[in-house]
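Heads up, the thing below is written out as structure tokens.
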Amino acid sequence: MTAHPGPIVVLGDVFLDIDVDGHCERYSQDDAPIVDVTTTRYRPGGAGLAARLAAGDADEVVLVGGFANDHAGHQLRALLEPYVQVIAVPLHGSTVCKQRVRADGRCTDSDEPVVIARCDSGTGKVAPGPIPTDIDSVLARASGVLVSDYGRGMTAHPQIRGLLRTLAPRIPVVWDPHPLGSLPIPDTAIVTPNRSEALRLLDSASTIRDTSTLARLWSAHAVAVTLGPDGAYLCGAEFPAGLRIQVPPGCRAPEGVDICGAGDRFAAAVTVVLAEGESTEPAVRHAVSAAADFVGNGAASSLAEPEPPLGNTMVEVVGWR
């Protein structure tokens with residue numbers, strides 16, 4: 001596969017992430033911590049975060065994702081459209097929102113904000129049905145594709161899987177999997193599970209060195225298991241003995257820092273570098289460094305914004321209900 005001009009396409013499930021920060025100095029009568037909220041900030045999650053991160057590395061990024069025709073869905077588009085082109089696939093149900101409540105103060109024994117609760121809502125899933133015709137044309141122009149699977153039906157759509165199957169032999173397709181998601185298509189350039197996702201697919205006695213089995217299971221050219229502060233483990237036909245890639249000296253983040261979105265940063269970085277024509281090992285080394293830098297600079301929270309003005313985001317998409 002050789003590089004050619006064209007967009008990076010990120011395809012997958014999109015969420016709205018909300019960071020609620022405040023101080024916690026007291027408890028209610030039923031012993032629940034009381035958070036005095038100081039800020040509420042919003043950011044795209046899932047494939048939306050991956051696309052937003054890829055936009056920092058590539059000139060043109062297109063996000064193909066499921067969007068509901070509701071207030072949170074419109075907020076998501078307002079957060080994304082200044083940075084990436086959005087092609088919305090109908091999401092049946094409501095936008096999935098993940099709200100992290102963080103606090104400092106006496107109740108948390110910390111001077112820095114720590115997560116004390118996460119509240120998830122939303123029922124949305126992509127179901128089989130018509131998809132926008134723009135998807136065909138944008139994938140035909142793509143220089144690389146990142147599939148960001150979060151188990152909400154996007155990667156199970158039969159027409160989308162068919163399009164990806166035709167692309168994988170021609171351009172790099174990177175697959176970031178999810179335990180509730182779909183199997184990667186054959187000929188994927190790299191599959192990027194984290195340690196727990198990879199090991200749960202093997203027997204209980206398996207170690208990280210046994211994850212080479214997954215490359216054969218998925219008919220993937222390579223598997224890069226992300227290991228957090230320990231870098232990544234690269235395996236596959238080209239790496240029969242496996243290759244551990246460490247975080248460069250000086251880039252390792254302190255223990256206990258927020259790592260939210262590190263896997264998305266890794267997957268986005270490896271996709272862009274592969275699309276530029278680089279080979280697998282240098283692409284993974286670059287992605288390990290990029291993910292470490294991302295964590296060291298505040299991780300996903302560094303991209304959070306005040307509630308965006310919605311403007312003219314309420315557009316009709318075929319199949320919305």
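Heavy-atom basis, side chains included; hydrogens, waters and symmetry copies ignored. Numbers here are sequence positions counted from 1. Keep in mind it's a predicted model, so treat the numbers as computed, not measured.
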What I'd like to find out is whether the side chain of Y83 reaches to under 4.5 Å of the side chain of V61, using heavy atoms alone. no
Straight-line distance of I245 CD1 to S289 OG, nearest 0.5 Å: 9.5 Å
Drop me the distance from R244's CZ to F239's CZ, to the nearest 0.5 angstrom. 15.0 Å
Between S94 and D70, is any side-chain donor less than 3.5 angstrom from a side-chain acceptor? no
Inter-residue atom distance D149.CG - T155.OG1, 0.5 Å rounding: 3.0 Å
Could you measure the distance from the OG1 atom of T123 to the CG atom of L91? Nearest 0.5 Å is fine. 7.5 Å
Less than 4.0 angstrom from a charged side-chain N to a carboxylate O is my criterion; do R100 and D120 meet it? no
Hydrogens and angles aside, do S148 and D176 bring a side-chain donor and acceptor to less than 3.5 Å of each other? no
Residues, nucleotides or ligands: over 12 heavy atoms within 6.0 Å of D111 CG: no
Please check if atom NZ in K98 has more than 12 non-hydrogen atoms from other residues, nucleotides or ligands closer than 6.0 Å. yes
Distance from N297 atom CG to R265 atom CZ, nearest 0.5 Å? 10.5 Å
Can you see which heavy atom on P308 is nearest to which on Q75, and at what distance? CG-O, 3.8 Å
Using 0.5 Å steps for rounding, measure from the CG atom of L79 to the CZ atom of R43. 10.5 Å
Inspect the contact between D21 and R41 and indicate whether a charged nitrogen and a carboxylate oxygen are less than 4.0 angstrom apart. no
Under 4.5 Å between side-chain heavy atoms, chaining through other members, with only Ile, Leu, Val, Met, Phe, Trp and Tyr counted: pull out the rest of the cluster around V273, sorted by chain and number. none
Compare every heavy atom of A224 with every heavy atom of L234, then report the nearest pair and how far apart it is. CD1-CB, 4.2 Å
I'd like to know whether R102 forms a side chain to side chain donor-acceptor pair (under 3.5 Å) with T108, so could you lay out the CA-CA distance, the side-chain angles of the two residues, the decisive distance to 0.1 Å, and finally the verdict. CA-CA 10 Å; R102 306 188 306 175; T108 65; over 6 Å; no
Check: residues 131-139 side-chain donor-acceptor pairs under 3.5 Å, at least two apart:
unit_1, atom_1, unit_2, atom_2, d
S137, OG, D134, O, 2.9

Start with the C-alpha distance between D13 and H178, add both sets of side-chain angles, then the distance that settles side chain to side chain donor-acceptor pair (under 3.5 Å), and finish with yes or no. CA-CA 11 Å; D13 306 298; H178 189 277; over 6 Å; no
